[in-house]
Participant: 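I am attaching a structure below and will ask some questions about it afterwards.
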Amino acid sequence: MNIQHHIGDSLLVSYASGGLSEAWSLLVATHAALCPTCRDRIADAEAIGGAFIDSLEPEALSPSAFADVLGQLGSGIEIEAAIAEKPVAMSDRLLPEPLCSYVLDAQDAVLPWRRLGLGAFHIPIPMQDGTASARLLRIPAGRPVPEHGHGGLELTLVLSGAFTDGEGRFGPGDVEEADESLVHTPHAVPGEDCICLAVTDAPLKFSSRIVRIMQPLLNI
Amino acid sequence: MFAQSRLQSIQSETVRDPAIFGNPVAHVRPITTGRNGGLTLNDNLVAVANTRDREAFAALFGHFAPRIKAFMLKRGCDSGTAEEIAQMTLVTVWRKAALFNPEKASAATWVFTIARNLHIDTIRKTKRPEPDPTDPFFVPTPDKPADTLIAEQQDAKKLKNAISTLPTEQQDVLRLSFYEEKSHGEIADQLGVPLGTVKSRMRLAFGRIRKVIGDNE
């Protein structure tokens with residue numbers, strides 16, 4: 001995997017601090033699964049958290065705190081297995097974890113695509129907190145997503161295929177960070193549908209009136 | 001004689017890093033002053049993983065539990081909840097000690113990630129998605145030549161030093177992000193600056209810190 005576009009520092013530090021809500025975290029974590037470079041950066045950002053914890057003034061605990069904790073340890077040796085092995089079905093699924101578990105049931109290898117119009121499909125991904133929405137998008141090979149701007153932040157992580165826009169070419173593992181300042185018309189490159197994870201905290205602002213009229217029906 | 005040498009080791013510890021023993025919690029202190037007094041937090045954590053060493057665990061508890069409580073108070077928990085998360089964190093430290101890899105992170109960093117995740121799980125009642133190294137799509141880290149390991153204390157000192165020498169406005173965005181778990185939009189509102197300014201301060205701060213950490217590698 002030849003990743004060219006990484007998670008920006010600001011988002012990455014928020015992921016490390018715990019400040020991102022679930023949908024953004026899902027995208028950052030899925031990118032990190034594909035990108036050792038960003039995992040290193042996340043580890044560096046977490047070290048800042050470690051340094052901050054270390055430099056805090058200790059807060060007095062209740063007198064029984066230590067005894068309470070000892071009581072919960074149990075007497076026997078109960079080291080958890082370093083990494084629990086889990087059965088891996090090498091099916092034809094294309095989604096890395098943690099995204100895969102959000103989209104597919106355990107044994108279900110068929111992605112439940114829903115038609116969006118203009119040849120595109122999507123799968124909305126439910127989140128426990130509703131602060132940002134996440135969906136898988138499938139843009140047909142060689143076709144554009146209608147020109148749009150952004151009411152807030154939109155993150156797009158490419159999973160297969162690729163798209164291009166004024167900002168560059170985005171292939172598998174790449175992330176595009178788009179905000180209010182960007183109006184773009186992403187084109188899926190020919191040859192393969194472009195499948196990506198898109199997270200946004202505000203509806204897209206389509207330039208076309210017809211698309212805008214359809215927008216509530218599409219819930220995008 | 002033995003008792004005296006233990007005392008000396010505690011005193012030298014105090015001189016070396018007053019933050020560790022500067023504000024002892026009375027009922028915990030007697031336990032932490034055992035033979036583990038001279039060990040680093042990393043050593044103690046490894047001892048818990050390897051031999052279920054309860055004295056080492058007591059040292060970890062004495063250092064981390066009061067700080068995690070302080071940390072959770074900053075994240076907006078009431079005192080009871082903050083203490084509960086501090087206790088849960090230390091129980092998790094005991095249970096998952098085998099997952100700690102001293103070559104990848106310091107004890108403080110590892111404990112921070114546990115406390116952070118417990119806070120998200122129990123208070124925000126939401127998930128924090130993370131990469132899964134057992135997933136066939138997970139792209140492993142390429143083998144690097146063996147890192148020269150720098151002593152934990154020195155490394156941590158460098159990092160703290162790097163943070164404390166950042167310009168105040170950069171320290172502020174880091175503090176709000178890590179202590180108060182604020183989103184960058186919330187930080188921008190609180191400081192009364194544009195979101196872009198928060199992001200660029202974050203980028204500058206992180207870039208500088210990475211450079212310091214990176215110099216060790």
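Keep in mind that what you see is a predicted model, and the values were worked out from it rather than measured. First the proteins, then the strands, lettered A, B, ... as listed; each starts at 1.
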Participant: Taking all non-hydrogen atoms of both residues into account, name the closest pair between A:G171 and A:V158 and its distance.
Facilitator: O-CB, 3.2 Å
Participant: Answer with side chain, backbone, both or neither: which region of A:Y15 has an atom nearer than 4.5 Å to a non-hydrogen atom of chain B?
Facilitator: both
Participant: Which pair of heavy atoms, one from A:C196 and one from A:I139, lies closest together, and at what distance?
Facilitator: SG-CD1, 4.4 Å
Participant: Using a cut-off of under 4.5 Å on heavy-atom pairs, state which of B:K182, B:K104, B:R124 scores highest against chain A.
Facilitator: B:R124
Participant: Testing the basics here: between A:N2 and A:Q4, what is the closest heavy-atom pair and its distance to 0.1 Å?
Facilitator: OD1-NE2, 3.0 Å
Participant: Checking B:Q171 side chain against B:L166 main chain: does a donor-acceptor pair fall under 3.5 Å?
Facilitator: yes
Participant: Cation-pi between B:K127 and A:Y102: NZ/CZ under 6.0 Å from ring centre and within 45° of the ring axis?
Facilitator: yes
Participant: Checking heavy atoms, do the side chain of B:F138, its backbone, both or neither come under 4.5 Å from chain A?
Facilitator: both
Participant: Closest approach of B:F178 and A:V13, non-hydrogen atoms and distance?
Facilitator: CE1-CG1, 3.7 Å
Participant: Counting heavy-atom pairs closer than 4.5 Å to chain A, which one of B:S183, B:G185, B:P140, B:S200 comes out on top?
Facilitator: B:P140
Participant: Does the side chain of A:D44 come within less than 4.5 Å of B:I209's, by heavy atoms?
Facilitator: no
Participant: Kindly give the heavy-atom pair with the smallest separation between A:R169 and A:V189, and that separation in Å.
Facilitator: NH2-CG2, 4.2 Å
Participant: Can you tell which part of B:A65 gets under 4.5 Å to a heavy atom of chain A, answering side chain, backbone, both or neither?
Facilitator: both
Participant: What part of B:K125 gets within 4.5 angstrom of chain A, counting heavy atoms only: side chain, backbone, both, or neither?
Facilitator: backbone
Participant: What part of B:R203 gets within 4.5 angstrom of chain A, counting heavy atoms only: side chain, backbone, both, or neither?
Facilitator: both
Participant: Please flag which part of A:L99 lies under 4.5 Å from any non-hydrogen atom of chain B: side chain, backbone, both or neither.
Facilitator: neither
Participant: Identify which part of B:R201 has an atom lying under 4.5 Å from any heavy atom of chain A, answering side chain, backbone, both or neither.
Facilitator: neither
Participant: Heavy-atom pairs under 4.5 Å with chain B: which of A:S10, A:G8, A:A47, A:G50 has the most?
Facilitator: A:S10
Participant: Select one option (side chain, backbone, both, neither) describing which atoms of B:L73 are under 4.5 Å from chain A's heavy atoms.
Facilitator: side chain
Participant: Carefully, step by step, assess A:E154 and A:V199 under the rule side chain to side chain contact (heavy atoms under 4.5 Å, CB included).
Facilitator: CA-CA 6 Å; A:E154 182 191 31; A:V199 177; over 6 Å; no
Participant: Please state whether the side chain, the backbone, both or neither of B:E83 comes within less than 4.5 Å of a heavy atom of chain A.
Facilitator: side chain
Participant: For a quick check under 3.5 Å, do B:E181 and B:H119 share a side-chain donor-acceptor pair by atom type?
Facilitator: yes
Participant: Does B:R128 pair with B:D121 as a salt bridge, N-O distance under 4.0 Å?
Facilitator: no
Participant: Are side-chain N/O atoms of A:D40 and A:T37 paired as donor and acceptor at under 3.5 Å?
Facilitator: no
Participant: May I ask you to name which of A:A43, A:G19, A:A67 has the most heavy-atom pairs under 4.5 Å with chain B?
Facilitator: A:G19
Participant: Between B:D172 and B:R175, does any side-chain N to carboxylate O distance fall below 4.0 Å?
Facilitator: yes
Participant: Determine which residues belonging to residues 21-35 of chain A lie within contact range of chain B, meaning some heavy atom pair is under 4.5 Å apart, and list them by number or answer 'none'.
Facilitator: A:S21, A:E22, A:S25, A:L26, A:A29, A:A32, A:A33, A:L34
Participant: Tell me, side chain or backbone of B:S177 under 4.5 Å from chain A's heavy atoms, or both, or neither?
Facilitator: both
Participant: Please flag which part of B:V91 lies under 4.5 Å from any non-hydrogen atom of chain A: side chain, backbone, both or neither.
Facilitator: both
